[in-house]
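Each chain gets a letter, A, B and so on, in the order its sequence line appears, and its residues count up from 1.
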Amino acid sequence: MDYQALAELLFPNVTATVEEIEARYPARNLPEGAKVTRFAPSPTGFVHFGGMYQAVVDERLAHQSGGVFFLRIEDTDGQREIKGAVEALLRTLSDYGVAYDEGPRIDENGNLHEVGAYGPYKQSQRAELYHVFAKKLVAEGKAYPCFTTAEELEEIQETDKKAEIKNTDWHVAAEQKRAAMLAGRVFTMEEVRAHLAAGDPFVIRILANGDPDKKTKFTDQVKGSLEVPENDEDFVLLKSDGIPTYHFAHAVDDHLMKTTHVIRGEDWLPSLPKHIMLFNYLGFKMPKYLHTAQILKTDENGGKKKLSKRDMGAKMDDYREMGYVTEAVWEYLLTLLNSNFEEWHAQNPDKSCLDFPFNIKKMATSGCLFDFTKLNDVSKNVLSKMTADEIYTKFLDWAQQFDPAFAACLAADPDKAKAIFAIGRGGKKPRKDLTTWKDVKPYMSFFYTPYFSVDRTPLARFPEEDVTAVCTRFLESWDPADEMGAWFDKIKGIADALGYASDMKAYKADPTAFKGSVADVSMFLRVAVTGRENAPDLYTVMQILGDNETRARIQALMNV
RNA sequence: GGCCCGGUGGUCAAGCGGCUAAGACACCGCCCUUUCACGGCGGUAACACGGGUUCGAUUCCCGUCCGGGUCACCA
């Protein structure tokens, strides 16, 4: 077989040589130890949590080492492509502050353009490159055309399924399919010519020479030492539309674009033998690999499953909808990424997450369950550290989309809203009432008349005349100008006058000696003013509500 | 089913031949507190199992079991 002639026959339009291509992609001029990483999502319309996990590793590794982090769009599957997906993807990365150096960008007018000297950064635009290398492999007898159609291959599998052979059907299907593919290895130039003349579609397959019973050692940067079998599968390099498969594109692109570290999910581990063979055949130096742990969830049967796009939290966009702030998701991600992050963060509370010395060695080696409870805790802490201004701005941005009516309410009086957000904020022990933006409304809506209503049930266990008496006396003595101490002294005075203990210690020592305590008296007022039993500091609430509203609410409680 | 990866409390996890087996979240209790939210203190709870190797195994090796991944002209 004249492989050179076969290559010409198959790729008559490919004139560029491998050397010419290589010359277009010179070595990157980077300092020693600088890592070149890439995030290579397929444009399916959203960024998966697992993808973000990898993107963060990419970004950290590259930028911590003075290297380059680029973005490459893997749009080799035209059928799955969704329009606007790239834009959505870029927006998500930008929302989360994952900065990349090269790849597609959106300009002020919303148009896409590329930056970087190693492009194109969309695989669909790199066809020429792949074809040159495919031609080379064919010319060297390492790849061959296969005219067996996808339908024919599928048919073989279908018959197996219909036969309902259990247990062994995988084996049988695999063997038959393999036999069919292997049959394609044997052909003559004449047959190829005839197929080509007839316009038959074909794919380019690799000619695998591996023995799966032979294992070789491979070192993965996160998994450590691995045993991988040799590849014996004639997998497809170029699909019948001339577009490469992931495997081929991975080898060609990451070689040309000078990737030093490939970060991808561990679900890629099984195809590592293919990649090893490809890099070998092509004469490329292999990059280092980091196969990251999967993020799992508990399924209805108690088992673990990969987080699928239907699960809440799988799509990065979900978090905004659920009311999480990006910083919280970032921190949670970091806690999963590096087990010592939390410790570091506790010791360096004022440092940015970007200052954290991210370390590959600290990465999890096995899959972990996505834990909303933990995310919530992280989120609660993140929100508690923000200033009232920050909270106001960010919440408003969220609420304008998800609860415009309430947003308008707050925006009508920014100072009031900020004063509310400022309650118990700052200092060493800030309040932690908010986990997500969804908590804001239940927490503080009572400040706003349209959302205010009174739940009297806490009052039921006390005589109504006591409630009325407390309210009356409070209205008589209240002076909004009072300091908190004076204010509370007045309440204690009312408690004493009505037979309620003003001294909690005395009350606890003998509760039967009193009708109740100052805590109960406060509760009457709290119910009147906030409509409920639990609320932030009552003195501050009254200050924010103001003289008129406070009095009106207390008055209203008595009038019912 | 073949191949690959993994198995420390409910969850995330330290550990890397000798420890009363860290810590965080969750849960429970107590304290603080005019309620709540914080904060403080304490508690329940783990090395999957069986063989080796070793003076000694959570740590190393083998097997079993269990969990996960993967087996496309998808990535």
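A distance of about 27 Å separates the C1' atoms of B/rG56 and B/rC65, rounded to the whole Å. Comparing B/rU58 with B/rG18, their C1' atoms sit 12 Å apart, to the nearest whole Å. For the P atoms, the distance from B/rG17 to B/rC71 is 38 Å, rounded to whole Å. Taking the P atom of each, B/rA46 and B/rG9 are spaced 9 Å apart, rounded to whole Å. A gap of 14 Å separates the C1' atoms of B/rC66 and B/rG50, to the nearest Å. Atom P of B/rU8 sits at a distance of 14 Å from the matching atom of B/rG68, rounded to the whole Å. Taking the P atom of each, B/rG67 and B/rA24 are spaced 32 Å apart, rounded to whole Å. B/rA57 sits 11 Å from B/rC47 when the C1' atoms are compared, rounded to a whole Å.
Residue A/K432 places none of its side-chain N or O atoms closer than 4.0 Å to OP1 or OP2 of B/rC36. Remark: A/K239 is not in phosphate contact with B/rA72, judged by side-chain N or O atoms under 4.0 Å from OP1 or OP2. Proximity of A/R205 to the phosphate of B/rC73: a side-chain N or O atom is located under 4.0 Å from OP1 or OP2. In this structure, A/K429 does not reach the B/rG40 phosphate: none of its side-chain N or O atoms is under 4.0 Å from OP1 or OP2. Between A/K306 and B/rU70, a side-chain N or O to OP1/OP2 separation shorter than 4.0 Å is present.
Atom CZ of A/F372 is separated from atom C1' of B/rA26 by 16 Å (rounded to the nearest Å).
Ring geometry, A/F202 versus A/F147: the interplanar angle falls from 30° to 60°, so the pair is classed tilted. Taking the six-membered ring for Trp and thresholds of 30 and 60 degrees, A/Y130 and A/F248 have ring planes inclined between 30 and 60 degrees apart. Using a 30° and 60° split on the angle between ring planes, A/F370 and A/Y319 fall in the tilted class, from 30° to 60°. Using cut-offs of 30° and 60° for the angle between ring planes, the A/H247 and A/F235 rings count as perpendicular. By the 30° and 60° cut-offs, the orientation of the rings of A/W487 relative to A/F474 is perpendicular.
You'll find that the side chain of A/T373 is closest to B/rC25, out of B/rC73, B/rC25, B/rU35. Of the candidates B/rA75, B/rC73, B/rC5, B/rA75 carries the atom nearest the A/H247 side chain, counting heavy atoms from C-beta on.
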Q | Verdict with supporting geometry, A/L369 and A/T298, side chain to side chain contact (heavy atoms under 4.5 Å, CB included) | A | CA-CA 7 Å; A/L369 248 28; A/T298 310; 3.8 Å; yes
**Q.** Residue pair A/Y53, A/L337: steps toward the side chain to side chain contact (heavy atoms under 4.5 Å, CB included) verdict
**A.** CA-CA 7 Å; A/Y53 178 101; A/L337 239 27; 3.0 Å; yes
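You'll find the side chain of A/L333 reaches within 4.5 Å of the side chain of A/F49, heavy atoms only.
A donor-acceptor contact under 3.5 Å is formed by the side chain of A/S240 with the base of B/rC73. Remark: the A/R526 side chain and the B/rU34 base include a donor-acceptor N/O pair separated by less than 3.5 Å.
Among the protein residues, A/V236 comes within range of the sugar-phosphate backbone only, with heavy atoms under 4.0 Å from sugar or phosphate atoms but none that close to a base. If you check every strand for non-hydrogen atoms under 4.0 Å, A/T148 touches a base. In this structure, A/K215 reaches the sugar-phosphate backbone alone: every heavy-atom distance under 4.0 Å involves primed, P, OP1 or OP2 atoms, never a base.
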Q | Base-pair map of RNA chain B as dot-bracket, where | denotes pairing with a different strand and pairs are Watson-Crick or G-U under 3.5 Å | A | ((((((((.[[[..)..(....]]].(((((.......)))))....[[[[[..)....]]]]])))))))....
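Remark on RNA chain B: of its neighbouring residues A/R431 and A/I243, the 5'-side contact belongs to A/R431, judged by nearest-heavy-atom nucleotide.
In this structure, A/W268 has its ring center no closer than 6.0 Å to that of A/Y289.
Among A/F356, A/Y332, A/F358, the single residue meeting the ring pair (Phe, Tyr, Trp, His ring centres under 6.0 Å) criterion with A/F341 is A/F356.
Remark: ring of A/Y246 not stacked against base of B/rC74; the cut-offs of centroid gap under 5.5 Å and plane tilt under 30° are not jointly satisfied.
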Q: Would you mind building the protein contact string for nucleotides 7-16 of chain B? One character per nucleotide, 5' to 3', B for base within reach (heavy atoms under 4.0 Å), S for sugar-phosphate only, - for untouched.
A: ----SSSSS-
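Judged by the 6.0 Å distance and 45° axis criteria, A/R532 is not positioned over the aromatic ring of A/F446.
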